[in-house]
Each structure stands twice: as structure tokens, then as C-alpha cells.
Trainee: 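Below is one structure. I have some questions about it.
Within every chain, numbering begins at 1; the chains are lettered A, B, ... in the order of the sequence lines, protein sequences first and strands thereafter.
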Amino acid sequence: MNKATVKDLCRLTNNYLGRRIQINGWVRTVRASKAFGFIELNDGTFFGSVQVVYDENLPNFKEISKLITGSAIRVAGVLVESPGAKQPFELKADSIEVEGLSAPDYPLQKKRHTFEFLRTIAHLRPRTNTFSAVFRVRSTAAYAIHKFFQERGFVYVHTPIITGSDAEGAGEMFRVTTLAFDQTPRDEKGAVDFTRDFFGKETNLTVSGQLEAENYAMAFGKVYTFGPTFRAENSNTPRHAAEFWMIEPEMAFAELQDDMDLAEEMLKFVISYVLENTPEEMQFFNSFIDKSLFERLDNVVKSEFGQITYSEAIDILKKSGQQFEYPVEWGVDLQTEHERYLTEKHFNKPVFVTDYPKEIKAFYMRMNDDGKTVAAMDLLAPGVGEIIGGSQREERLDALEKRMDELRLNKEDYWWYFDIRKYGGTRHAGFGLGFERLIMYLTGMTNIRDVISFPRTPKYAEF
RNA sequence: UCCUCGAUAGCUCAACGGUAGAGCAUCCGGCUGUUAACCGGAGGGUUGCUGGUUCGAAUCCAGCUCGGGGAGCCA
């Protein structure tokens, strides 16, 4: 007898029809009658379930008829064509063994739940249709990311999670310490004495692997990171989490245009790969989560992304005749309403905005010849806003140091970052992609907490 | 952090100043190739918390807690 998966049965039905097989899975629902019954069984390998038919010939017929939703069972029987209209085949059980009975207070009902409630049972929600689909797509998308970069010669770098540089410039950080915080050691001035901490210095969870990735790009040419990232910002929005995953490619001998080309190619690749390899899940999202999903994704894959400078974007916004809550002026950062206008109304496709004023961008971005703007790019996408942020990095040591002086950054912390400019530095560029935002874009899910298995947000670290 | 909306049975919701209900889930029974199965019955509630107004509060008011949406920060 073959052990099979629901995915096998659905994809390779003819190989299994008429044969005796075993399926292990969890009960989605039982419809029991006096002398027979049906079980909807899902084994997690596939979006769909398999219908199991059983009758009173089973020695444990009564027990099976009383199975509670969520129970784990092992079913053996012959796969046959189904007379029912809703499924092409079904499993005619000759044996059903209960692996693990579910308790009567199993919280998932057959009718629909709100996502808010399901967040409170994040340990059980992957057993629902939506989350089953979300996390299978997430897995497939992660694979697609690796496939994309690996096939193009990028080396996967694991950058540190604990970082000693306290000024990467990407926001509030979580401190990492073994000091007892109710009696921290103090120096002569009364300040906390971090020399007595585990690492002998102040350390935090990383907010970005970029600086380290730049170093590795100067050895391997093309690298990427893909790992967890932490921001201690008090952001209470559907688009922010304290712990999320980020992808950060970095290329030596590359300029901003190369960076944008890479970002565009990568996005199109991942979208195509996911559409091709998880069609049932994507169909589900298009039907029940976001009815314009396919249209939107198709549009992205087929279109040439737009590309304008920040200055051009300001002009477009000024001439738009739109009333914005935040007035548009050269020098101010683009607000969400501005970004949405550009990508959803003006272009109606993803658009790169480049060459921002230096004042509103990070210190490491390369100064343009005008002395006012830097070689930065944000990719704005309809529906989600900023999905990628990147730049060409400042490779000229003097220009970098000058900029850091202006911003009063402590240059001593960056000696190793300066070294790659000193010892055979090259033009180089990279970007950061928030993985969860990509998943939101791919699935139409509108809350980041619903695309992370166990989300961490302000005031919330359950599970 | 700011603005705004909300919190009633395990879940999804109704009742909007006068005895707190339904569907699903659970338990018991019936029945049919069923498919958000169906039919009958039962149990299940300090209406988020604290205080106030009132003869009387789920309902009106205030504060707090938690959650949703929008904004800021960002990916």
C-alpha cells in the first residue's frame, strides 16, 4: 500500500485511481449518517482536501462518526471516481485509525472567522483555508527568491542578527544584553557600563544586513541576504511588524540603473513563479481575498515599470490638481497619499522614484553631481505603496566621511565599513525588500500580521 | 504616538432605557451519496473593566484596557 499525499492525488490522479493508498491528515468536517458518512480530510500538502467515504463495515464506525473537527487520523482505502459533483475522486475507506482526537472545544468553526479572531489562535489558524494558502505561498515565494538569486550567481550571505553598530540609521533597535536591568553596573559618570555586558559593548538586534552585505559584495561580487530583521518602532499599522524578514541584494560594479533592473526582474520572476507553482492558492486569493489580484499581478509581469526622478514626481503631483492633505514641495518626503497617486492614478503600474533630496535619505547613499540629491530609488506599487527601497552606495571615502560628519555620526563605529572603500572599493548598489510586504502583494492579504506565522507587534508577543 | 470606530454565548452577529436572542460549534436523538449536509432537543452569558446618571443600563456619560481602520515612522 502506498502512502500518498493529497497533493499527489490531485496532481497525479490517474496514478492512484483504483489503487489502495493511505492518507494521513486532519479532519476538516464530518458528515455522518446512520450507516455511512463523509470526512473532509486535509493533510497540509495541498490547498484542497480529499473526501473520505466510510460505512458501517468499519469496526470503529460509531467512533469515526463522532470525530470532532481537527482530529488527526490515518485513512486507508481505494481511490475511486466520485459520483458527487464537487470532487472528481474520493477515498473509499476500509480502515480509519484515530491518531489524535480533538477536544470538543476546538475553536475553528466551519463558517467563516474574522482574521482578528484567528490571530488570537495563531497556533491553529494554519489549519484554515486562507492561512493554509498564505503560508504555502510564503514558502514558495521564499524558494523563488533563492532560486532567482542563485541562478544569477548571487552568493547567499548570513549577516549577523546581533549587531554592534548602534547607528545603522534605520530606526529604533532592540537592545541585546545579559545585564540585570534592575541593577546595571555604572561607570564613574553614572552611565551604564557596557564593558561589563556580554559582548563588552552595547549591542542590538539588527535593523538591516546591508552594511555587512556591502563588505561581502566586495569579495563575491554579487550577494544577497534573506533573514529576520527587527525594528523597535511603535508602529501600529497593518504594514509594520517588530520582527520581519528582509531580502537585501548587493552588487559590486553596479550603478542605480542596474539596481532597478534587478529589482524589476526579481519581482516579475517571483510573481510568475508563484502563479505557476501554487495555482490553487492563487485562485483562492483571487476569488475570496482580492478579486482584482490576477489583473494586478498580470499587469506587473507584463508592464515595463515606470521610472521618474523625485523632482519629476513633485512636478507631476503639483500639476495633478489633486488636493493633498500634505502640500507638495521640493524637499519634503513623499507621503502615502502622494505615493498612491503616482503609482495608482498617474502610472497605474509599479514605478521607481529616484534621486531624492539627500536630507530625507540615509548617509550611505551616493551623492549625485548636483550636490543636492542622492542616487536612491523607491519602488512604489499599486495597492501596497513602497515595496522596495534601494540605492547606489557612496563608494568615495572622502564623500562618505563628509556626509557622516554633516550628520554627526560616530565614524569610529564604521572603520570596517570604510575599509571596503579603502581597499579596492567599487561602485556598488543594492536594495531592501520587505518579504512580508511582497507576500501581501502576492496574496492580496491586507494585514502583515496575517502573513507572518507568529507576528510580533507593539504590546504583542504571544506564542 | 495622534485621529477614528469598535468590544454582547466558544465563533459570527441581533437586541439600542424596560425579563439578553439567532446561526454555527458542543452534547443527545433521528435521517438522507453527503459536501458551509439536513431535522428535533439540550446545555452554554456578572453584555471588556471601573465608576457615574436613572425607579430601571448591554443600551446614556466619563476614565481605563484591548482590538480594527487611517496617519506618522518605515520594509
Trainee: Would you indicate, yes or no, if B:rU34 has its OP1 or OP2 atom less than 4.0 angstrom from a side-chain nitrogen or oxygen of A:Arg31?
Mentor: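 False: A:Arg31 side-chain N/O out of range (4.0 Å or more) of B:rU34 OP1/OP2.
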Trainee: Looking at A:Lys7, I'd like to know if its NZ atom is crowded, meaning that more than 12 non-hydrogen atoms belonging to other residues, nucleotides or ligands lie closer than 6.0 Å.
Mentor: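 Result for NZ/A:Lys7: open.
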Trainee: Kindly indicate whether the side chain of A:Gln87 and the base of B:rU34 share any N or O donor-acceptor pair separated by less than 3.5 Å?
Mentor: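 For A:Gln87, whose side chain was compared with the base of B:rU34, there is a donor-acceptor pair (under 3.5 Å).
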Trainee: Counting heavy atoms from C-beta on, name the nucleotide in B:rU35, B:rC11, B:rG68 closest to the side chain of A:Lys86.
Mentor: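 Among the listed nucleotides, the one closest to the side chain of A:Lys86 is B:rU35.
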Trainee: Under 4.0 Å between any heavy atoms, over every strand shown, what does A:Asn447 touch: base, sugar-phosphate, or nothing? Just pick one.
Mentor: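 Sugar-phosphate contact only.
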Trainee: Looking across every strand, which nucleic acid part, if any, lies under 4.0 Å from A:Ile448 by heavy atom: base, sugar-phosphate, or nothing?
Mentor: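 Base contact - A:Ile448 has a heavy atom under 4.0 Å of at least one base atom.
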Trainee: Is it the case that B:rG33 (base atoms only) and A:Glu90 (side chain only) share a donor and an acceptor within less than 3.5 Å, ignoring hydrogens and angles?
Mentor: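 Under the 3.5 Å cut-off, the side chain and the base do form a donor-acceptor pair.
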Trainee: Are any of A:Gln335's side-chain N or O atoms less than 4.0 Å away from OP1 or OP2 of B:rA71?
Mentor: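 So the side chain of A:Gln335 is outside the cut-off, no N or O lying under 4.0 Å from OP1 or OP2 of B:rA71.
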Trainee: Given B:rG33, B:rA37, B:rC74, which nucleotide is nearest the side-chain atoms of A:Arg231?
Mentor: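 That would be B:rC74.
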Trainee: Select base, sugar-phosphate, or nothing to describe what A:Lys92 touches, counting heavy atoms under 4.0 Å on all strands.
Mentor: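 Nothing, no heavy atom under 4.0 Å.
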Trainee: Hey, is the side chain of A:His240 pairing donor to acceptor with the base of B:rC74 inside 3.5 Å?
Mentor: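 By the distance-only test, yes, there is a pair.
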Trainee: What about A:Phe226 and A:Phe435, are their ring centers closer than 6.0 Å?
Mentor: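 A:Phe226 vs A:Phe435: aromatic centres under 6.0 Å.
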Trainee: Kindly say whether, by distance alone, the side chain of A:Ser235 makes a donor-acceptor pair under 3.5 Å with the base of B:rC73?
Mentor: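 Such a pair is found, so the answer is yes.
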Trainee: Regarding A:Glu116, tell me which of base, sugar-phosphate or nothing describes its non-hydrogen contacts under 4.0 Å with the strands shown.
Mentor: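 Here A:Glu116 touches the backbone only, sparing every base.
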